[in-house]
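A short worksheet on the structure shown next.
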Amino acid sequence: MKVIMTTKIDRASMNIMEKLIENFGFNETDMVFDDNPVYRNGETLILTTNDEMIYYDNLDKAIERQLGFRPEIIAFASRHSSKQKLPALTTHVTGNWGKAMYGGKDESLAIALPSAMKLALLKMNELNDLGWTVCYEATHHGPSELEVPSFFIEIGSSEEEWANDRAGEIIAETIVYVLENYEKAKFKVALGIGGGHYAPKQTKRALETDIAFGHIAPKYAHPLSREMFLKAIERTAEKVEAIYVDWKGSKGETRQLARSLAEELGLEFIRD
């Protein structure tokens with residue numbers, strides 16, 4: 001079973017959920033999760049909780065405990081907030097390169113599924129008739145304690161965008177597309193190093209080439225330890241074939257470590 005996770009306290013999340021139910025054949029079941037009705041279409045369930053999803057560590061275990069199954073994948077339908085209030089459609093995996101400021105644990109990473117996020121990026125870009133930014137975000141916030149692959153897909157970045165019907169439709173259609181296609185997708189998987197939070201160079205590469213990114217460690221998270229490099233590779237559900245470095249957008253010791261680790265592990269080294 002595949003899970004789309006939503007929360008009642010997030011306007012964008014509820015917007016996306018409404019569009020999934022209206023447009024994609026999800027029907028209410030007699031199941032309940034966190035005291036909220038569960039909706040189903042085939043092998044995909046929409047679950048709803050009552051609090052911020054970024055703090056929901058061990059969600060996979062809660063699903064197993066309440067509903068009796070371990071999900072194959074969790075797609076978190078969420079809002080994105082930024083001070084710049086940039087209208088955006090974004091996707092990313094969760095985790096913390098250092099201190100956990102917003103959910104999850106310190107130096108802990110959720111399991112990335114690069115193919116799912118690349119498909120999300122491509123589909124959002126295709127459907128984007130709003131003129132908004134479409135991009136990856138770097139790995140950040142919780143939950144980090146999940147033992148099944150997951151990704152966030154978000155509407156940003158203010159109340160106006162969160163309630164936008166068309167944005168809700170785009171994200172709903174994208175989620176359905178991703179969950180139907182990620183298992184048969186084949187891309188070159190890379191760990192992304194460097195750049196800003198919105199990963200412009202990684203986004204461009206993913207939209208224009210066959211590369212799919214898992215975890216992305218932005219410059220503000222550098223210097224990155226060898227342990228965190230290895231953890232990011234290990235916490236990727238698909239085989240990592242390359243380490244990609246935004247060279248100018250990385251600190252010296254981190255980019256040199258990336259180069260030496262790629263050589264040591266027999267991975268392609270891509271410098272941009």
- [ ] Taking only Lys NZ, Arg NE, NH1 and NH2, and the carboxylate oxygens of Asp or Glu, determine whether Arg166 and Glu169 approach each other closer than 4.0 Å.
- [x] yes

Open item on the list: Checking Tyr244 against Asp272: is there a side-chain donor and acceptor pair closer than 3.5 Å?
Closed with: yes

Open item on the list: Hydrophobic clusters here meaning ILVMFWY residues chained together by side-chain heavy-atom distances under 4.5 Å, can you tell me if Trp247 and Ile216 are in one?
Closed with: no

Task: Ring center gap for His92 and Phe152 short of 6.0 angstrom - done: yes

Open item on the list: Using a 3.5 Å distance criterion without hydrogens, assess whether the side chain of Gln202 forms a donor-acceptor pair with backbone atoms of Gly194.
Closed with: yes

- [ ] Could you tell me whether Tyr198 and Tyr136 have their ring centroids closer than 6.0 angstrom?
- [x] no

Open item on the list: Checking Tyr39 against Asn27 for the side-chain hydrogen bond (donor to acceptor under 3.5 Å, both in side chains) test, could you report, in this order, the C-alpha distance in whole Å, the side-chain angles of both residues, the deciding distance, and whether it holds?
Closed with: CA-CA 5 Å; Tyr39 291 79; Asn27 296 302; over 6 Å; no

Task: Distance, nearest 0.5 Å, that separates CG of Asp34 from NZ of Lys8 - done: 10.0 Å

- [ ] Start with the C-alpha distance between Arg271 and Phe269, add both sets of side-chain angles, then the distance that settles side chain to side chain contact (heavy atoms under 4.5 Å, CB included), and finish with yes or no.
- [x] CA-CA 7 Å; Arg271 170 181 166 169; Phe269 182 76; 3.9 Å; yes

TODO: Say whether, by atom type as modelled, one donor and one acceptor occur between the side chain of Lys231 and the main chain of Glu107 under 3.5 angstrom.
DONE: yes

TODO: Please report the shortest heavy-atom distance between Ala237 and Leu113, naming the atom on each side.
DONE: CB-CD1, 3.6 Å

Open item on the list: Could you tell me if His140 and Tyr102 have a donor-acceptor pair between their side chains, going purely by distance under 3.5 Å?
Closed with: no

Open item on the list: Name the residue from Glu43, Glu72, Glu183 that meets the side-chain hydrogen bond (donor to acceptor under 3.5 Å, both in side chains) definition with Lys2.
Closed with: Glu183

Open item on the list: Using a 6.0 Å distance limit plus a 45 degree cone around the ring axis, check whether Arg11 lies over the aromatic ring of Trp162.
Closed with: no

TODO: Treat each ILVMFWY residue as a node, draw an edge where side-chain heavy atoms are under 4.5 Å apart, and state whether Met228 and Val189 are in one component.
DONE: yes

- [ ] Starting from the C-alpha separation in whole Å, work towards a yes-or-no answer on side-chain hydrogen bond (donor to acceptor under 3.5 Å, both in side chains) for Thr91 and Glu154.
- [x] CA-CA 6 Å; Thr91 187; Glu154 304 177 350; over 6 Å; no

Open item on the list: Working to the nearest 0.5 angstrom, can you tell me the gap between Asn181 CG and Leu119 CG?
Closed with: 6.5 Å

Open item on the list: If we ignore hydrogens and angles and just use 3.5 Å, is the side chain of Lys184 paired with the main-chain N or O of Glu180 as donor and acceptor?
Closed with: yes

Task: Separation of Ile74 CD1 from Leu179 CG (nearest 0.5 Å) - done: 11.0 Å

- [ ] Verify, without hydrogens or angle tests, whether Ser13 (side chain) and Thr7 (backbone) share a donor-acceptor contact under 3.5 angstrom.
- [x] yes

Open item on the list: Is there a path of hydrophobic side-chain contacts, each under 4.5 Å between heavy atoms of I/L/V/M/F/W/Y residues, joining Phe213 to Met117?
Closed with: yes

Task: Nearest-0.5 Å distance that lies between atom CD in Glu238 and atom NZ in Lys118 - done: 11.5 Å

Open item on the list: Taking Leu86's backbone N and O only, do any of them form a donor-acceptor pair with Ser157's side chain (distance below 3.5 Å, no angle check)?
Closed with: yes

TODO: Give the intermediate values and the outcome of side-chain hydrogen bond (donor to acceptor under 3.5 Å, both in side chains) for residues Ser158 and Glu161.
DONE: CA-CA 6 Å; Ser158 69; Glu161 287 82 29; 2.4 Å; yes

Open item on the list: Please determine whether a side-chain nitrogen of the Lys or Arg among Lys186 and Asp210 lies less than 4.0 Å from a carboxylate oxygen of the Asp or Glu.
Closed with: no

Open item on the list: For the residue pair His215 / Thr139, report whether a side-chain donor-acceptor contact shorter than 3.5 Å exists.
Closed with: yes

Open item on the list: Assess, by modelled atom type and distance only, whether the side chains of Asn36 and Asn50 contain a donor and an acceptor separated by less than 3.5 Å.
Closed with: yes

Open item on the list: Please report the interatomic distance NZ(Lys99) to NZ(Lys105), rounded to the nearest 0.5 Å.
Closed with: 13.0 Å

- [ ] Flag the pair Glu64 and Lys61 as a salt bridge only when some basic side-chain nitrogen lies within less than 4.0 angstrom of an acidic carboxylate oxygen.
- [x] no

TODO: First locate atom NZ of Lys188, then atom CZ of Arg205, and finally report the distance between them rounded to the nearest 0.5 Å.
DONE: 8.5 Å

Task: Criterion side-chain hydrogen bond (donor to acceptor under 3.5 Å, both in side chains) on Thr48 and Thr6, from CA distance to verdict - done: CA-CA 5 Å; Thr48 305; Thr6 66; 2.8 Å; yes

